[in-house]
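Convention: sequence-line order gives letters A, B, ...; per-chain numbering from 1.
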Amino acid sequence: MNKHLLLVDGNSVAFRAFFALHSQLNRFVNHDGLHTNAIYAFNTMLDVVLDQFKPTHALVAFDAGKTTFRTEKFADYKGQRDKTPTELSEQLPHLRELLVGYGIKSYELKNYEADDIIGTMARQAEAAGFKVDIVTGDRDLTQLATDQVTVNVTVKGVNTLEAYTPAHVFEKYELEPKQIIDMKGLAGDTSDNYPGVTKVGEKTAIKLLKQFGSVEGIYDNLDSLKASKMKEHLQADREQAFLSKSLATINTNAPVALTLDALVCQGKDETKLLDFYDAMDFQSFKSKLSIVNSAVQAQQAALKYDVLTADNVAAIAAQLTSPVTFYLEMLADNYHTAESNGFVIGHQGTWYVATDTALLQTPALKQLLADSAIEKYVFDVKRTYVGLQRLGVSLAGTTFDLLLASYLVDTNDNSNDLGKLALLHGYQNVATDEAVYGKGASKGLPEDITVFEKHLAAKAQAISDLQPVLMKKLQDNDQLALFTEMELPLALVLADMEIAGVKIDIDKLNELKGQFQQRLDTIIQKIYAEAGKEFNINSSQQLGKILFEDMKLPVIKRTKTGYSTAVGVLEALKGIAPIASDILDYRGLSKLQSTYITGLLKVVHPEDQKIHTTYLQTLTQTGRLSSIEPNLQNIPVRDQDGRQIRQAFIPRSEDWAIFAADYSQIELRVLAHISGDQNLQAAFKEGLDIHASTAMRIFGLAQPEDVTPNMRREAKAVNFGIVYGISDYGLSQNLGISRAQAKTYIENYFREYPQVKAYTEAIVKTAREQGYVETLFHRRRYLPDIHAKNFNLRSFAERTAMNTPIQGSAADIIKVAMLHMQHALAAEKLQATMLLQVHDELIFEAPKTEIPILAQLVPEVMDAAVSLAVPMKVGTGSGATWYNVKD
DNA sequence: GTACTCACG
DNA sequence: ACGTACGTGAGTACA
């Protein structure tokens, strides 16, 4: 068998791996708070190269430390390098463990770099007749390429490799591999921090080497060069050139205490890898282990199910007893329009699968599902309820929802895919939908119907198996009431709101569309005239060029990729360039046109002229809802133009009206409650204008009349800032004041509201000690970054620790209000229907005759949702459209 | 798929 | 010294 040696530059590949998944740094944290992104990507790389090269021998070389024979020669070698981020260095020891699991030797050598180990072993292996593949992120190693040795350099992350054979090196540099060191000697290397020859870069170096072959060749023939700046530099930097070349040269005779025989691949030790993956929380690698797979396959093979038919369904339904697990499959995402493809019902170990959804119409089955005395275990009760409802089937008695429970236990465990979610809980026996149905355009039912049936049975089994696990966790977290009394029943309230939908005046939207378009056309022509040419105004790239290059306007702010053209920037330019103000107008109108006019028209249901949004109940980190397809929680209100969109939101019929109620300052009231601050509480108890009251305190005013509108505005920003987890910089940006000024405001605020200050300090401490923060109703958010060494990550976690209990408790409160509201409407036998929730407000439609009743009832219910140390305040209004909602 | 921008609380 | 306000969704451009 041909011997084949794989040599990996451990540090360099780990470095690449770390930055390949750098944007995911927060998502790759194990249960001990260890970052794992580099380990994960390194593992992926290992799988790729082992599969590609199928080596018989392998070695991963690491750097031993900072000091090497190179730093002895040149003290500043690699001197300018930033310190390795701690999030990466903490991962390096675990890479060795991973390699042990893979049966691959790792090695480091004092005073030498990984390069030298690799160079030495490559030469030895070559001499012994091996084929050698080197994997590294560092192009310098291409100097080692020969006919037997290929240097594979990572490109874009770590999974794509560029293979440098001598021929490829020549293609790239027009040099022999051994001349790479001469090139480095001449051009230097900024990342390794050695100089080379002044003003000589890669291009010049290559030109010289093509003529003279090597650094030595150049200096031997220096006299033959005609006089030039370059010649002067070469003469002056002679010593540097030779030093740089020697630094770039990989030592292929390092005293490596390894024999080739010691590098034989031992094969994976799956038991070790299993432990390692458990420690790292790597579910996907774990699931690829054959010991895991065979266990999973055995369990899946043991999974028994029967197929429901028209003949057996009634008898089977009749004998099912509480609790039953039920799952309705709809492949399409949007359950308001999705077709139902099949379902499964049963209990532990006995599953009945149907791919014919008409069987749901069987009276015995319908009755069972609608019977609240028979407990149901499901995954995503809202989706199931709506799907069934569209088939004329009622669902009641749900006592467990895997999706909801998982979200409450940890807001990060919130995949909508049952298979993925189960995996997050270490449960492996159910495939992901993507694996079974595919994705994108090719998504569909498997050709083999039994694959589909098995998948449904496996889902039911997973729900049933995980039910006790999740219930235990909820109980341990003191979250049973939150689950059973709040989120589960709320799902049905939300489902009813989604199903009810909100009626849209299509003619109104079209009328607005025409008006906006006319104004847009005028502005577009004006902008083209001002710019001196036509361009795509929607492209921030093109716009940046026009403003800052063609028109030479001052650059206020940059983004990662170029010039920022955000509102703040354009506002600042308004005074010197009228085009800025036209672009702002254009942006405003074009946003309305695309997102709100055409966007909403696209999602109006053709049959009922209504919009049925979908609320995501398990998405946000704070407990708020989110709204999609379309988002009805961000319909314009602040600007007059945008606000008109609300004229298109109308009640279901002529003699009905829209009614809305909102909590006033709910977050500040929550803050007053949980901080226990006497001064803040007093302000609310006395019914003061809270922003004016804060203004009096931070500006030291004696009389309410002394508060100017500007003082109130600034105090309002301070109040908001406190809720967001304040910083002087953030406040100064928001108010356009100096950082010092902002700092004074904050100090004054904390002096006046000392218990708020104490709260912000205490909650951060709590987060550090227990790793999470909680809302009034025990909703929990984990904050692993609270311990981060990185200042930014840690600061962010600290602000989140302050904000989440406030925002989250406010979310809890309105959820309770919604539950009570639904009951009250039924108890009062009102036709009024709750339609929308926008974080601190509820929107209803009702017969005009019921509006006075609602004006009384809704604030009462919202007030009574929770009893805080301060009173609640609820504002209401009604009108013919959402736009017209006024007191 | 990511970046940018902007709508809401 | 570090570089920010908290929580969302959608449209467009561009690679």
Looking for any heavy atom pair under 4.0 Å, which part of the strands does [X] touch: base, sugar-phosphate only, or nothing?
| X | value |
| --- | --- |
| A:Asp840 | sugar-phosphate |
| A:Ser590 | nothing |
| A:Val838 | sugar-phosphate |
| A:Leu619 | sugar-phosphate |
| A:Ser727 | base |
| A:Asn536 | sugar-phosphate |
| A:Gln542 | sugar-phosphate |
| A:Asn634 | base |

Interatomic distance where CG belongs to A:Asp728 and P belongs to C:dA1 [whole Å]: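 Checked: the CG to P distance equals 13 Å.
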Rounded interatomic separation in angstrom, taking CD1 from A:Ile635 and P from C:dT8: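 Going from A:Ile635 (CD1) to C:dT8 (P), I get 19 Å.
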Per A:Ser795 side chain, nearest of listed nucleotides C:dG3, B:dC4, C:dG9: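 When the side chain of A:Ser795 is considered, C:dG3 is the closest of C:dG3, B:dC4, C:dG9.
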Check: C:dG7 base within 3.5 Å donor-acceptor of A:Arg781 side chain: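 Side chain to base: no pair present.
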Base of B:dT5 paired with side chain of A:Arg587 (donor-acceptor, under 3.5 Å):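 Flag unset: no donor-acceptor pair detected.
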Ring-base stacking, A:Phe796 with C:dT4 (5.5 Å, 30° cut-offs):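 Stacking is absent between C:dT4 and A:Phe796, given that the ring centres and planes do not meet under 5.5 Å and under 30°.
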